[in-house]
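The shown structure was predicted, so the numbers you read here are calculated from the model rather than taken from an experiment. The sequence lines fix the lettering, A, B, ..., with proteins before strands; numbering per chain opens at 1.
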Number of protein chains: 2
Amino acid sequence: MSNIREVARLAGVSVATVSRTLSHPEMVSEATQKRVMKAVDQVNYQPNMLARNFRSARSYSLVVLVPDIANPFFALVIRSIERQAQKKGYSVLLGDTQDSSEREQDYIRLVETRLADGILQLRPISDQFHAGSKFSFPYLHVCSTESTDGPCVRVDNAKAFEQMTAYLISLGHQRIGLITGREENPHTVDRMKGFQKALADGGLPFDTNLVASGDYSIWSGVNAANALCQSGIQPTAIACMNDEMAIGAIQALKAQGLRVPEDVSVTGFDDISYARYCDPPLTTIAQPADLMGTLAVDMLLQQLNGESLPCQEKVLPYEFIVRQSTAPAAQ
Amino acid sequence: MSNIREVARLAGVSVATVSRTLSHPEMVSEATQKRVMKAVDQVNYQPNMLARNFRSARSYSLVVLVPDIANPFFALVIRSIERQAQKKGYSVLLGDTQDSSEREQDYIRLVETRLADGILQLRPISDQFHAGSKFSFPYLHVCSTESTDGPCVRVDNAKAFEQMTAYLISLGHQRIGLITGREENPHTVDRMKGFQKALADGGLPFDTNLVASGDYSIWSGVNAANALCQSGIQPTAIACMNDEMAIGAIQALKAQGLRVPEDVSVTGFDDISYARYCDPPLTTIAQPADLMGTLAVDMLLQQLNGESLPCQEKVLPYEFIVRQSTAPAAQ
DNA sequence: TTGTATGCGTTATCAG
DNA sequence: CTGATAACGCATACAA
């Protein structure tokens, strides 16, 4: 309501002095500062950030693009992004794209129109991002993949999934089912690579009949698991590309009267909270969600401030967690 | 990069005409419009929203305050808030308060400094909100409680929890345990009321030994359930104030060798996705998360536009969902 | 250390 | 229908 002019008048100084007192106190004498601050309190002055941002041509906010905020893994990453951003004086604009490139485009426009200073992309949809075409604005991929161009922070999805698959093979499993996400999804691509590599290394054939596709939702896990069971070739283990599909799969298997892990082993990816509390607790890969978020913000802000990034790509360690959803193959 | 002046120059018109073409095309002749749009394309002009917002003294963004974005119920509400806001031309600033009133205060400052036009409060912490003191800016409580002052959209938490408890009583349960959230939490207060009312109506005593407090997290559900079991009075049913604590409780009970629901019935609240897929599937109360979010945005925007709200408080219907986590008391 | 004056990009008012 | 110009609130270059 009150503006800088009013404060200046009340304190008997110029607006410039008020501005300086608030932004660069070291340039103002203590006596004047006191007078200004008193006036500020008197009228309960709050600087108009809309004006300040406009003037400095910065919005001090970041867009975080996420396919679905209701996905607990993404929620974890976002939580840490928000925390770090706030700490650095930035706000985060939530962009739930629902895997719609149109919505994604709308949010890109937000930074083109200066309403945001940069974009944190948790999962790309648009060809623009796919193609890795350079944007004119600061952006960064989080939890992204090998093939991604541009700066990113991620884990080695291929390696992690390879390790998981190798583990199943080491347990004696020969017919390993796979429940994937949508195939154009970068995560899907990388994890698939790891799956196939482990199979090859283990001397096992890659049988497309053992692959069922989902979309990373619980429900799709249920469907995919059912499809796998009805395919005739009963797998003794099912590797899922995320925890939610694994949870769905377990439920479907149980509904069919199969026991997990005695009859079928099931594995997930992400280590969401429920992975630990489902029955049986899930063998999975833990991604360092907190670290990813924090690092992502830091790296984006570096770009924003014109500092060159020390490295374009930050690959973080993951953790392989064995719980009770996996067991030796029953032969 | 390019500004309105450049476009004007290129099109051979005044900046006013460019502005009008973009904001009120009906005031500009078609011929001029064409010329302007051509120039816009040529320099790939994107209006500077920072300037536009500054000029119109509106940020066109809303703050949504949530205790924890990783809570799947809140995530659901936020998803629908974001969707509706975007549809109406508003952005959503995510404010994950982590139940810290300091962080909450920081976000309140966002609207005081004009960076946000209003606040959607998913769960209050500060005394300011508790006391229901009127703010000078538009705000609205979502999923809030009876005692809340000011505009809000919610379900009747007390009634819902009463119905749930009455259901357990009707199944013959006499020793009903209760796992609460933090007691100062408004949801906790209302649900507690409902619990006590059902007990009274059913002629059952309210025994504080049967009450264990958690904090709405899975982990706290585990602890609370263990405490309940070790208290000596073994409850035959446990009503939890949300699904996550119920999931934790079920896990703890199983770990103790108890069967759910044969030995102990367990109920939740919210109907998050996992409620349906845990083992056994959870009997719970479904809140209309989507509707809540949509309505919340609509009501807040009404305040923002100076329209008086038709009603200060919108109480939405909930759904009582019986699944397999509840059974008649084993006597 | 402080004040004066200018400009940021846009919209709105007022003439023409 | 169009153009000139004055705001909006603040930050800063420059002068004092």
Checklist line | Neighbours of DNA chain C within residues 49-57 of chain A, by heavy-atom distance under 4.0 Å | finding: A:Phe54, A:Arg55
Next item on the list: Note the angle between the end axes of the helix from C:dT1-D:dA16 to C:dG16-D:dC1, five pairs defining each, rounded to 10 degrees.
Entry: 40°
Note to self: If we ignore hydrogens and angles and just use 3.5 Å, is the side chain of B:Asn305 paired with the main-chain N or O of B:Leu301 as donor and acceptor?
What the structure shows: yes
Next item on the list: Kindly state which residues belonging to residues 21-33 of chain B come within less than 4.0 angstrom of DNA chain C, counting heavy atoms of the residue only, listed by number.
Entry: B:Ser23, B:His24
Notebook entry, point to check: Do B:Gln287 side-chain atoms and B:Ala289 backbone N/O form a donor-acceptor pair below 3.5 Å?
Noted result: no
Checklist line | Side-chain donor-acceptor pair present, B:Asp96, B:Gln98, cut-off under 3.5 Å | finding: yes
Note to self: Going by the rule ring pair (Phe, Tyr, Trp, His ring centres under 6.0 Å), which residues pair with A:Tyr60 if we only count those two or more places apart in sequence or in a different chain?
What the structure shows: A:Tyr90
Next item on the list: May I ask you to list the residues of residues 6-17 of chain B, by number, that have any heavy atom positioned under 4.0 Å from an atom of DNA chain C?
Entry: B:Ala16
Margin query: Using a 3.5 Å distance criterion without hydrogens, assess whether the side chain of B:Arg154 forms a donor-acceptor pair with backbone atoms of B:Cys152.
Written below: no
Item checked: Rounded distance (Å) that lies between atom P of C:dA5 and atom CZ of A:Arg20 -> 14 Å
Notebook entry, point to check: Should B:Asn3 be listed as having a side-chain N or O under 4.0 Å from OP1 or OP2 of C:dG9?
Noted result: yes
Notebook entry, point to check: Can you list every side chain to side chain donor-acceptor pair (under 3.5 Å) pair that touches residues 66-84 of chain A, not counting sequence neighbours?
Noted result: A:Asp68-B:Arg79, A:Asn71-A:Glu244, A:Arg79-B:Asp68, A:Glu82-B:Arg103, A:Glu82-B:Tyr107, A:Gln84-A:Asp298
Next item on the list: Verify, without hydrogens or angle tests, whether A:Thr113 (side chain) and A:Leu110 (backbone) share a donor-acceptor contact under 3.5 angstrom.
Entry: yes
Item checked: Whole-Å distance separating the CZ atom of A:Arg5 from the C1' atom of C:dG3 -> 16 Å
Checklist line | Main-chain N/O of A:Pro25 paired to A:Gln33 side chain as donor or acceptor, under 3.5 Å | finding: yes
Next item on the list: Go through B:Val66 and B:Ile78 one step at a time and tell me if the side-chain contact (heavy atoms from CB on, under 4.5 Å) criterion holds.
Entry: CA-CA 9 Å; B:Val66 60; B:Ile78 289 184; 3.9 Å; yes
Item checked: Residue pair A:Ser100 / A:Thr97, side-chain donor-acceptor N/O under 3.5 Å -> no
Margin query: Test your reading of the model: is there a side-chain donor-acceptor pair from A:Ser59 to the backbone of B:Leu50, 3.5 Å cut-off?
Written below: no
Next item on the list: Nearest whole angstrom, please: distance from the C1' of C:dT2 to the CD1 of A:Ile4.
Entry: 14 Å
Notebook entry, point to check: In whole angstrom, what separates A:Arg35's CZ from C:dT1's P?
Noted result: 14 Å
Check: Are any of the side-chain nitrogens in B:Asp41 or B:Lys38 under 4.0 Å away from the carboxylate oxygens of its partner?
Finding: no
Next item on the list: Output yes when a side-chain donor or acceptor of A:Thr294 lies under 3.5 Å from a complementary backbone atom of A:Asp290, and no otherwise.
Entry: yes
